[in-house]
Amino acid sequence: MPEATAAEAGYLKMAAEFSFRARMDKSSAQGPVFQSASGSVVRDVNGKEYLDFNSGQMCSALGHNHPKIAAAIKEAADTMIHAHSSHYNVKEVELAAAIGSVVPRPLQKSLFGESGADANEMAMMIARKYTGGHEIASPHISFHGLSDATRAVTFSGWHANHGPLPTGTYALVAPYCYRCPLAQTYPACEFACLKTSFELLDAQSTGRPAAVITEPLFSAGGVIEPPIGWLKRLQEMCHARGMLLICDEEQTGLGKLGAMFGFERDGIVPDIVTIAKHFGGGVGVSAVVTSAKIEEKVVEAGYAATHSHSNDPLICAAGTASIGIVVDENVPARAAHIGARVIERLKDLQQRFEGIGDIRGRGMLVGIEIVTDRQSKKPDGATGNGVARACFDKGLIFSVRRNGSVLRFVPPQTTTDAQIDDAMEILETSFADVLKAKRVN
Ligand SMILES: Cc1ncc(COP(=O)(O)O)c(C=O)c1O
């Protein structure tokens with residue numbers, strides 16, 4: 001590890017003294033300390049540049065410091081930063097209309113928040129108000145946030161030592177086909193995961209089910225792609241019980257997977273959709289979107305949801321600008337191109353490295369699963385973590401999931417072909433170095 005420079009050492013000393021260390025990925029108090037960013041590159045206080053294949057916290061997938069986002073924020077800052085949340089303001093209404101122009105009907109009405117978790121909380125409460133039920137289920141590899149209400153339906157981790165959590169939440173068997181928990185094979189399985197899950201749900205329910213909340217492609221759970229047809233069958237099974245289907249598109253929506261929304265691949269329209277992350281182009285804004293029919297009923301039922309900043313002109317302006325970028329720069333097409341190139345390069349690497357057991361994902365959300373060998377499929381977190389560390393040191397950032405056995409790549413839409421090639425070369429060298437070191441030891 002390189003010696004910390006004086007500037008970096010100063011920031012780390014301050015962090016050690018004053019920063020609360022509840023980070024999701026338990027990195028110790030060490031560098032780098034980041035200072036600036038543009039497009040697909042971030043820089044630390046030492047001036048070292050990194051290719052950011054994590055898009056920050058996946059929120060800069062439109063490119064760091066996109067000039068249209070910066071301009072929108074500046075304009076709002078000069079005009080009106082904050083507004084009364086019981087009255088409409090121009091930027092808020094414009095944002096609702098912008099979302100209305102990219103969602104398929106009957107989705108139409110938007111309510112804003114400031115984080116992914118609060119949009120999912122609102123979505124769950126809307127489903128409860130609409131159905132009169134309260135029970136919510138989610139696949140067992142899901143991630144919907146770390147507030148209490150969303151942590152209760154985040155089953156990919158972060159439950160241990162955080163109880164008690166709200167009751168009335170259930171896990172469904174997720175469609176993790178590479179490691180099917182039911183030892184089935186798609187399509188012969190005929191979605192045994194859903195059949196089993198709903199048998200269990202029906203048995204456990206107090207008769208007051210409200211919704212299933214799911215990602216259309218599970219990101220934090222390990223970039224796990226449900227087979228085509230799963231989402232449609234899930235919606236049918238929800239509706240058969242009077243439950244709503246909430247699609248958490250916070251990671252996957254607004255072009256990221258090569259279509260405006262992840263659910264489009266399955267030919268469905270969910271009852272409620274949430275958007276966040278790269279919505280806002282890096283600024284904290286989120287939305288829950290539903291039909292006029294659902295909105296009408298829950299408002300009549302007295303539903304109220306507001307946060308101090310959730311219709312602030314500043315964040316709403318960033319939201320509208322981000323939708324403008326998605327449409328004007330054809331982000332779905334950019335994502336499809338980036339994904340195809342990354343996957344092609346990963347397939348080349350797979351020929352060379354037995355440990356790359358599976359390659360999966362769509363668009364700007366791609367993952368590889370690292371195994372000791374393809375026969376046993378034993379997860380190899382030690383190698384995955386080693387490769388990620390080596391890449392990081394060489395200036396390539398991405399995240400690891402499933403204790404290191406999944407490497408997840410989220411390059412921003414600004415990423416050029418040359419940057420993809422650079423990233424894949426760093427990955428290749430790092431793999432070779434880690435495997436060599438393993439052989440020597
Ligand atoms: C699919 C999904 N939903 C919800 C969230 C929570 O968003 P936030 O951290 O903004 O609360 C995340 C964050 O990673 C996410 O990936």
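Count residues from 1 along the sequence. Both counts, for ligands and for their atoms, begin at 1 and track the order of listing.
The part of His144 lying near ligand 1 is the backbone, judged by heavy-atom distances below 4.0 Å. Neither the backbone nor the side chain of Asp118 has any atom closer than 4.0 Å to an atom of ligand 1 (non-hydrogen atoms only).
Of the candidates Val173, Thr196, Ile141, Pro181 forms a side chain to side chain contact (heavy atoms under 4.5 Å, CB included) with just one, namely Val173.
Within a 6.0 Å radius of CG in Asp202, more than 12 heavy atoms belonging to other residues, nucleotides or ligands are found. No more than 12 heavy atoms of other residues, nucleotides or ligands lie within 6.0 Å of OH in Tyr11, so this atom counts as exposed by the packing criterion.
For ligand 1 and Glu215, the ligand atoms under 4.0 Å from any heavy atom of the residue are 1 (C). Within ligand 1, counting atoms from 1 as listed, the ones closer than 4.0 Å to a heavy atom of Ser115 are 10 (O), 11 (O). Those atoms of ligand 1 with a heavy atom of Gln251 less than 4.0 angstrom away are 1 (C), 14 (O), 15 (C), 16 (O). Those atoms of ligand 1 that come under 4.0 Å of a heavy atom in Asn120, given as number and element, are 3 (N), 4 (C).
For ligand 1, the polar-atom distance check against Ala117 finds a nitrogen or oxygen pair separated by under 3.5 Å.
Looking at every heavy atom in both residues, Met243 comes nearest to Ala211 through CE-O, 3.5 Å.
Of the protein's non-hydrogen atoms, Phe143 CD2, 3.7 Å is the one closest to atom 15 (C) of ligand 1. With respect to atom 6 (C) of ligand 1, the closest heavy atom belonging to the protein is Gly145 CA, 3.7 Å. Nearest protein heavy-atom contact of atom 5 (C) of ligand 1 is Glu250 OE1, 3.4 Å. The protein non-hydrogen atom at the shortest distance from atom 3 (N) of ligand 1 is Asp248 OD2, 2.7 Å.
His278 and Ser55 form no side-chain donor-acceptor contact under 3.5 Å, judged by distance and modelled atom types alone. Side-chain atoms of Ser399 and Asn54 form a donor-acceptor pair, as typed in the model, at a separation below 3.5 Å.
Residue Gly116 holds the heavy atom nearest to atom 7 (O) of ligand 1 of all those in Ser219, Gly116, Ala119, Ser286.
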* **His162 and His159: CA distance, side-chain angles, deciding distance, ring pair (Phe, Tyr, Trp, His ring centres under 6.0 Å) verdict** => CA-CA 5 Å; His162 286 88; His159 265 217; 8.7 Å; no
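Checking atom 9 (O) of ligand 1 against the protein gives no heavy-atom contact under 4.0 Å.
For Lys48 (side chain) and Asp393 (main-chain N/O), a donor-acceptor pair under 3.5 Å exists by modelled atom type.
Taking the six-membered ring for Trp and thresholds of 30 and 60 degrees, Tyr186 and Phe191 have ring planes inclined between 30 and 60 degrees apart.
Distances shorter than 4.0 angstrom occur between a heavy atom of Lys277 and an atom of ligand 1.
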